> 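Below are the structure tokens for one structure; questions will follow.
Predicted model, so just to flag it, every value in this text is computed and none were measured. So you know, we letter chains A, B, ... as the sequences are listed, proteins then strands, and number each from 1.
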Number of protein chains: 2
Amino acid sequence: MTTKKAAAPGGATPRDRLLDAAGELFYREGVGVPTDALCKAAGVSKRSMYQLFDSKDAVFAAALERGEPALTAWLLPPPEEERGPRERLLYVFERLEEAAREPDYLGCPYVAAQVELKEPSHVASVVAARAKRRLVDFFRTEAGRAGAADPGLLARQLAVVYDGAGTRAGIGAEDLRGLAVTMAATLLDAAGVPDDGPPR
Amino acid sequence: MTTKKAAAPGGATPRDRLLDAAGELFYREGVGVPTDALCKAAGVSKRSMYQLFDSKDAVFAAALERGEPALTAWLLPPPEEERGPRERLLYVFERLEEAAREPDYLGCPYVAAQVELKEPSHVASVVAARAKRRLVDFFRTEAGRAGAADPGLLARQLAVVYDGAGTRAGIGAEDLRGLAVTMAATLLDAAGVPDDGPPR
DNA sequence: GGACATGGAAACCGATCGGTTTCCACCGGG
DNA sequence: CCCGGTGGAAACCGATCGGTTTCCATGTCC
């Protein structure tokens, strides 16, 4: 029987190591990273890489996809929390500012991927677009719960703030101390979102 | 005497043709365009290209720099106009939305350059950063004239909206019908910028 | 008309890249 | 103890890329 593969000493399975390294390297260096560098960083041979994936692009897409749950879990407020919808929305922008404080922050990886690839039909672009859509969906449902006049509009506005702030911080044009949260709060106010009631 | 070079039949001087084509191609295809493609598009030999510039990167930087005056002239309100400062600020976001309506709009070229290069010290990144700074400067001085409570803060906020809206439109995640202008207006209101008086 | 500078076409060069293949070391199951 | 599957190291291949060079077809100035 082909053993189902347990955690090898050098880390997880080659696939995991590869995708982790890919996520990091693509983010840091861009789509242009040579496959050799990728494999070296992952401690994986090109042989293994190409029998796990069809192309470098496929690795890129898979790495983006794999990273999403973790990023989402960190970015979005935990669902079991007793926070009100307004605070839940602002929570995301606090996380964004926290991430942007990191000196080597390079902006949202999904934005970067789509900007670098330019081709929307690219496998990785599709994955990235889906990830971004999920964030807007979160914004919209929370905006609805929060009593926004036009939840769809507010969600789009928040997405613009999120991507704008993330991008500007990523290119070093801005350090965001409170900027993203302030802007989000201003837009929430203008959309008629009231303060959350006291935590129950 | 070395003739000072007049408009050749095939277009302007080789340098001009090269920079025009470079601006267009780098924007459309990204930093990865082969020099051959660049030269072919410009109708210029690599020989000429490399005796005009030191490297492809230098061409990139020069193309970005050369494009700026035209873009600025189109993006910013004409100075001789009798518009009030609030309208002058909103004018920029109307131009942005107009540009984003173009189906092949790919976002702000300076943002794209910095995102793709990632290296802030890159020649082209420096040019791009300077261009972006000039826009924020415009925002700040107009915000001051407009009576904003904190012109510096408002300018940073407007920059976030500008880059966020431009980027999202560029990656096809948003079509911006009125979104950018609305957001800018909301932020102007929150910053205490009054409506312009009647045109004198 | 002849000397000279300009500039395109294209061959060329070394390096690199995406992807394939070969070889071998190591593993668990019989 | 052998056997088949896994997977790393590394050679390898064709294509491409950034950059250089050679060659020649134009000019323009004297």
Side-chain angles (χ1 to χ4, degrees), chain A residues 1-22 25-26 28-64 113 116-119 122-125, chain B residues 1-22 25-26 28-64 113 116-119 122-125:
Chain A
M1 191 257 274
T2 76
T3 59
K4 203 43 189 300
K5 196 60 34 55
T13 142
R15 189 171 194 277
D16 288 335
R17 274 178 292 151
L18 183 63
L19 289 184
D20 286 345
L25 263 187
F26 281 135
R28 293 257 89 81
E29 318 261 356
V31 210
V33 271
T35 55
D36 321 35
L38 224 174
C39 292
K40 174 113 66 174
V44 160
S45 67
K46 296 216 281 179
R47 184 184 182 279
S48 306
M49 165 175 167
Y50 278 108
Q51 75 188 31
L52 285 169
F53 300 95
D54 286 344
S55 63
K56 194 176 83 161
D57 290 337
V59 176
F60 189 13
L64 278 188
E116 285 181 50
L117 296 172
K118 293 182 193 309
E119 183 55 59
H122 190 290
V123 236
S125 279
Chain B
M1 190 257 274
T2 77
T3 58
K4 202 44 185 305
K5 196 56 36 53
T13 142
R15 188 172 196 276
D16 289 335
R17 276 178 290 150
L18 183 62
L19 289 185
D20 286 346
L25 264 188
F26 281 134
R28 294 256 88 82
E29 319 260 358
V31 210
V33 272
T35 54
D36 320 36
L38 223 174
C39 292
K40 174 113 66 176
V44 159
S45 67
K46 296 215 282 178
R47 184 186 182 279
S48 305
M49 166 174 164
Y50 278 107
Q51 75 188 32
L52 285 168
F53 299 94
D54 287 343
S55 63
K56 195 176 82 161
D57 290 337
V59 176
F60 190 15
L64 279 188
E116 284 183 48
L117 296 173
K118 294 182 193 307
E119 183 54 59
H122 190 291
V123 234
S125 278

> Has the side chain of B:Lys56 got a donor or acceptor atom sitting under 3.5 Å from an opposite partner on the base of D:dG18?
no

> Would you indicate, yes or no, if C:dG19 has its OP1 or OP2 atom less than 4.0 angstrom from a side-chain nitrogen or oxygen of A:Tyr50?
yes

> Considering only C:dG19, D:dG8, D:dC17, which nucleotide approaches the side chain of B:Pro34 most closely?
D:dC17

> For A:Lys46 and D:dA11, what is the distance between atoms NZ and P respectively, to the nearest whole Å?
12 Å

> For A:Arg15 and D:dT6, give me the distance from atom CZ to atom C1', rounded to whole Å.
16 Å

> Rounding to an integer number of Å, can you tell me how far A:Met49 CE sits from C:dG18 P?
8 Å

> Can you tell me if A:Arg17 uses its side chain to pair, donor with acceptor, with the backbone of A:Gly43 under 3.5 Å?
yes

> Respond yes when some side-chain nitrogen or oxygen of A:Arg47 is under 4.0 Å from OP1 or OP2 of D:dA11, and no when none is.
no

> State which of D:dG18, D:dG8, C:dG18 makes the closest approach to the side chain of A:Pro14.
D:dG8

> In whole angstrom, what separates A:Gln51's CD from C:dC23's P?
17 Å

> Please report the distance, rounded to the nearest Å, between CG in A:Asp36 and P in C:dT21.
17 Å

> Enter the distance from B:Leu64:CG to B:Phe26:CZ here, rounded to the nearest 0.5 Å.
8.5 Å

> Is A:Ser45 near enough to D:dA9 that one of its side-chain N or O atoms lies under 4.0 angstrom from OP1 or OP2?
no

> How many whole angstroms separate atom CG of B:Leu18 from atom P of D:dG19?
13 Å

> Do B:Lys40 side-chain atoms and B:Ser45 backbone N/O form a donor-acceptor pair below 3.5 Å?
no

> Name the nucleic acid region contacted by A:Val33, choosing base, sugar-phosphate or nothing; use a 4.0 angstrom heavy-atom cut-off, strictly under.
sugar-phosphate

> If you check every side-chain atom of B:Ser55, which of D:dG19, D:dG8, C:dG8 has the closest atom?
D:dG19

> Just how far, in rounded Å, is P of C:dT20 from CG of A:Leu52?
13 Å

> Take atom NZ of B:Lys40 and atom P of D:dC17, then tell me their distance rounded to the nearest Å.
12 Å

> Is A:Glu116 reaching over with its side chain to a backbone N or O of B:Glu116, donor-acceptor style, under 3.5 angstrom?
no

> Taking the side chain of A:Val44 as its heavy atoms from C-beta onward, which of C:dG8, D:dG8, D:dG19 lies nearest to it?
D:dG8

> So, A:Lys56 side chain and A:Val31 main chain: donor-acceptor pair closer than 3.5 Å or not?
yes

